[in-house]
Amino acid sequence: MSDTDTATRTRAHPVTRLRDRLRAHPATSLGYRIVVATVATVIIVAGVAMLVLPGPGIATILLGLAVLGAEFPWARRLLVRILDVLRKGKDRVVAWWRGRRGVSRGPSAR
C-alpha cells in the first residue's frame with residue numbers, strides 16, 4: 001500500500017472505513033451484505049405500502065434502492081435507469097407546460 005492510499009484511508013469517512021473493514025473478511029462481508037439487503041428491503045416494502053397509504057411512497061422506494069445500490073451494483077444501475085426516466089419525464093412535462101403557456105424559455109422570455 002502506498003503512502004497516498006494510507007493518507008486517503010485515514011481521511012475517508014468513518015462509514016467508508018467501517019465498510020472497508022467489514023468487506024475485508026468473508027464472514028463479516030456476507031453478514032454486512034445481508035444486513036444491507038434486509039434494511040433496504042424493509043424500506044422498499046414500506047415505500048410500496050406508502051403508494052396506497054399516506055406518505056412519500058416513490059421517494060421511499062428510491063431511498064431503498066439507494067441503500068441497496070451502496071452495496072450491490074445491479075441496484076445502482078437500476079436506480080440510475082429509474083432516475084433517468086424520471087428526468088426525461090420531467091423534461092417532457094416542462095416542455096409541454098411551456099408550450100401550453102406559450103413560453104419559449106423561462107420567465108424572462110415574456
Side-chain angles (χ1 to χ4, degrees):
M1 186 181 303
S2 70
D3 291 334
T4 56
D5 291 341
T6 306
T8 303
R9 274 189 183 280
T10 57
R11 286 183 300 191
H13 193 273
V15 174
T16 305
R17 288 196 313 262
L18 175 64
R19 188 181 311 151
D20 288 345
R21 283 195 353 233
L22 289 172
R23 286 179 181 163
H25 303 288
T28 57
S29 177
L30 178 61
Y32 174 74
R33 290 172 68 97
I34 290 171
V35 169
V36 168
T38 303
V39 169
T41 302
V42 168
I43 293 171
I44 291 170
V45 168
V48 170
M50 285 183 213
L51 291 175
V52 293
L53 299 171
I58 294 173
T60 306
I61 292 170
L62 293 176
L63 174 65
L65 278 175
V67 171
L68 268 179
E71 193 60 32
F72 302 100
W74 62 266
R76 190 175 308 120
R77 289 189 302 267
L78 178 62
L79 181 62
V80 166
R81 267 198 214 136
I82 291 171
L83 291 177
D84 285 344
V85 167
L86 290 176
R87 271 190 216 102
K88 288 177 186 175
K90 178 202 67 128
D91 292 343
R92 288 180 65 191
V93 168
V94 168
W96 171 81
W97 184 254
R98 287 183 178 161
R100 184 174 182 267
R101 292 183 49 205
V103 177
S104 60
R105 291 216 179 238
S108 62
R110 281 182 136 190

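Only this structure's heavy atoms are used, side chains among them; waters, hydrogens and symmetry mates stay out.
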- Taking the side chain as every heavy atom from C-beta outward, state whether D20 and R17 have any atom pair closer than 4.5 Å. no
- Item | T41 and its side chain to side chain contact (heavy atoms under 4.5 Å, CB included) partner, picked from I44, I43, V45, T38 | V45
- Residue list, salt bridge (charged side-chain N to carboxylate O under 4.0 Å, His left out) with R76, at least two apart or on another chain: none
- Task: Ignoring hydrogens and angles, tell me if any N or O in the side chain of T60 forms a donor-acceptor pair with the backbone of G47 under 3.5 Å.
- Result: no
- Message: Between D84 and R81, does any NZ, NE, NH1 or NH2 come within less than 4.0 Å of an OD or OE carboxylate oxygen?
- Response: no
- Message: Are there over 12 heavy-atom neighbours, none belonging to I58, within less than 6.0 Å of that residue's CD1?
- Response: no
- Task: Looking only at non-hydrogen atoms, find the nearest pair between R21 and H25 and report the distance.
- Result: O-CD2, 3.7 Å
- Find out if a path of hydrophobic residues (ILVMFWY) with successive side-chain heavy-atom gaps under 4.5 Å connects M50 to L79. no
- Query: Can you tell me how far the CG atom of L86 sits from the CD1 atom of I82, to the nearest 0.5 Å?
  - Reply: 7.5 Å
For residues 61-72, run the donor-acceptor check on the side chains, cut-off 3.5 Å, and write out each pair with its distance to 0.1 Å, sequence neighbours left out.
residue : atom : partner : partner atom : Å
E71     : OE1  : R23     : NH2          : 2.9
E71     : OE2  : R23     : NE           : 3.4
E71     : OE2  : R33     : NH1          : 3.4

- Answer with yes or no whether the hydrophobic clustering places V94 together with V85; edges join I, L, V, M, F, W, Y residues whose side-chain heavy atoms lie under 4.5 Å apart. no
- Query: For the hydrophobic clusters of this structure (ILVMFWY residues joined by side-chain heavy atoms under 4.5 Å, transitively), does one cluster hold both V42 and V39?
  - Reply: no
